[in-house]
Protein chains: 2
Amino acid sequence: MHADTPRRTAADQPAQRIATMLQLLQDALPLQKRLVHAGDVVCQVGQPFQCLYVVNAGFFKMVNLSDEGREQVVGLHFRGDWLGLDGIATGRYGCDAVAMDTGEVWAIPYDTLIEASIRTPALLGALHQAMSRELARDHDSMASLCTLPADARVAGFLRYWADAVSQRGLRADEITLRMTRAEIGNYLGMTLETVSRALSRMARGDVIRFKEKGRRDIQIPKVEALTTFMQQARTPSAALALH
Amino acid sequence: MHADTPRRTAADQPAQRIATMLQLLQDALPLQKRLVHAGDVVCQVGQPFQCLYVVNAGFFKMVNLSDEGREQVVGLHFRGDWLGLDGIATGRYGCDAVAMDTGEVWAIPYDTLIEASIRTPALLGALHQAMSRELARDHDSMASLCTLPADARVAGFLRYWADAVSQRGLRADEITLRMTRAEIGNYLGMTLETVSRALSRMARGDVIRFKEKGRRDIQIPKVEALTTFMQQARTPSAALALH
DNA sequence: CGGTTGATTGATACACATCAAACCCCGTGG
DNA sequence: CCACGGGGTTTGATGTGTATCAATCAACCG
């Protein structure tokens, strides 16, 4: 893993797309920039919908408060993602957007966005792409919730995270989860103990490694090993290796 | 349950919204109408994205072919819903849209829609609402997949279906599922046997009734009974009534 | 240093999957 | 007409993946 200068890797394309989109927004709109810290709530379920928020830095979880207080993480968002999209239809936000780290979001009043899109049609493209992408991502999440066993879901989660950061131009072989096991488990539909066990199994199989002093930083020597781990987790066949 | 003339029930508002939107599309766009029958594929995963489709009649399932052939139903769509939205971002459809009954969709080239939206801005509102609504719906699905036990998920599915048809102006106390138990189970992340058992339990508790000669038609005497059934299914407490 | 929060690991329980058998309904064709 | 076959559904017996309960441990912090 020598640090070769990355020229035009496959990950560059999304990075370019995100950078271009953020630039477009800055040029075409008066943005209200807002700094956030871990735990800050960007927009809250039930509040009247006014603004969309675009993530310029940091990362965020979307939390759905289902009926009686039960919290459910329904999405994770990184730089370039939009927050608050599910408020357009009803006029009220459908989720809390909670910062998991210090970061910055740009508030864009929806009305302003629509107006500006007359002069700058590319704004619509950006919005539509963001929504469409989230739809596709949600479908993938549902598929993995429905079909994959716990181990495979955790592996898929790590792969998703690694993809997300690598698409943003960061190194993906060493990720630092800014979520507790409980939050991960909530997002993946399992308990924190199951998350912990899955990670332990992956570490035992050398699919991942924990950085010394802290089990939040995870090294991923080979991202494709996650994929193979997912596949073999689906079949109970070769479960005998490493009891 | 005497047939009182429904004046301005709560369900009228969505019905009005859908009718208005369909009218808007007809007035503002040259629509390519397309009749479909059960099993027809409206748009197929991997095909280049050109058109969005709006459901004018019938009902549709969205199927995600995950990696190796494994089919996953990720959404159900009724009159007024849009199909193919997850193709905007990538330029290729992300799901198959399969008709579950005879129906009609209106094909709308995306480019045409965007152009027309300059003259008729309301078109954008319709598109954005459709996408936003689906996002919110997906989040609800994820929450129920993650938190609810099988019985509650099935009950929630019936309630969702009943809501959907009642919002389209049809009677909701007697719904005919046009899906097999296997399809329902696939959508809800459980096996067909579990779906069957859940329905049997609900029938035993008189939450639903099967119409004679055929277990696809389900009577729902009181829709709110589904909600209470969901809640008591979540707590293993009162599970002793009716072994 | 104790106190707190998060993580790991083990023992046990249970919800659901799996396997299997029987049934119902419906269309087809002798 | 009934025999036959096949897809869909129901129900039961058994197995298993994961939740639950509980104890221990590691890191952080005032």
Over-ring placement of Arg137(B) relative to Tyr160(B), 6.0 Å and 45° cut-offs: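 Yes, Arg137(B) and Tyr160(B) form such a contact.
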By the 4.0 Å heavy-atom rule, please label [X] as base, sugar-phosphate, or nothing.
{"X": "Thr191(A)", "value": "base"}
{"X": "Leu199(B)", "value": "nothing"}
{"X": "Arg197(B)", "value": "base"}

Grab the two heavy atoms, one from Phe229(B) and one from Asp151(B), that are nearest each other, plus how far apart they are. CE2-O, 3.9 Å
Heavy-atom pair with the smallest gap, counting every atom of Leu83(B) and Ala97(B):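 The pair with the smallest heavy-atom distance is CD1-CB, 4.1 Å.
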Parallel, tilted or perpendicular, judged at 30° and 60°: which one describes the rings of Phe59(B) and Phe78(B)?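 Judged by the thresholds at 30° and 60°, the geometry between Phe59(B) and Phe78(B) is parallel.
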For the pair made of [atom1] in [X] and [atom2] in [N], what is the distance, rounded to whole Å?
{"X": "Arg215(A)", "N": "dT5(C)", "atom1": "CZ", "atom2": "C1'", "result": "11 Å"}
{"X": "Arg234(A)", "N": "dT18(D)", "atom1": "CZ", "atom2": "P", "result": "13 Å"}
{"X": "Met190(B)", "N": "dT18(D)", "atom1": "CE", "atom2": "P", "result": "16 Å"}
{"X": "Leu192(B)", "N": "dG7(D)", "atom1": "CG", "atom2": "P", "result": "14 Å"}
{"X": "Leu145(B)", "N": "dC16(C)", "atom1": "CG", "atom2": "P", "result": "13 Å"}
{"X": "Leu188(B)", "N": "dA17(C)", "atom1": "CG", "atom2": "C1'", "result": "15 Å"}
{"X": "Arg201(B)", "N": "dC16(C)", "atom1": "CZ", "atom2": "C1'", "result": "10 Å"}
{"X": "Asp151(A)", "N": "dG17(D)", "atom1": "CG", "atom2": "P", "result": "10 Å"}

Just compare [options] and give me whichever is closest to any side-chain atom of [X].
{"X": "Ser196(B)", "options": "dT18(D), dT10(D), dT9(D)", "answer": "dT10(D)"}
{"X": "Ser200(B)", "options": "dT10(D), dC16(C), dT11(D)", "answer": "dT11(D)"}
{"X": "Thr194(A)", "options": "dC16(C), dT18(D), dA19(D)", "answer": "dA19(D)"}

If the helix axis at each end comes from five base pairs, how far does the helix from dC1(C)-dG30(D) to dG30(C)-dC1(D) deviate from straight, to 10°? 20°
Salt-bridge criterion met for Lys61(A) and Glu183(A) (N-O under 4.0 Å):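 Answer for the salt bridge query: yes.
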In plain terms, say whether Asp81(B) and Arg168(B) are close enough for a salt bridge, that is, a side-chain N and a carboxylate O under 4.0 Å apart.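 Answer for the salt bridge query: yes.
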Between dC25(C) and Arg216(B), is there an OP1 or OP2 to side-chain N/O distance shorter than 4.0 Å? no
So does Arg181(B) get a side-chain nitrogen or oxygen closer than 4.0 Å to the phosphate oxygens (OP1/OP2) of dG8(D)? no
Which residue, Glu193(A) or Leu148(A), contacts DNA chain D at a nucleotide closer to its 5' end, judged by nearest heavy atom? Leu148(A)
With a 3.5 Å cut-off and sequence neighbours excluded, list the donor-acceptor pairs that the side chains of residues 191-199 of chain A form with protein atoms.
residue   : atom : partner   : partner atom : Å
Thr191(A) : OG1  : Thr194(A) : N            : 3.4
Thr191(A) : OG1  : Thr194(A) : OG1          : 3.0

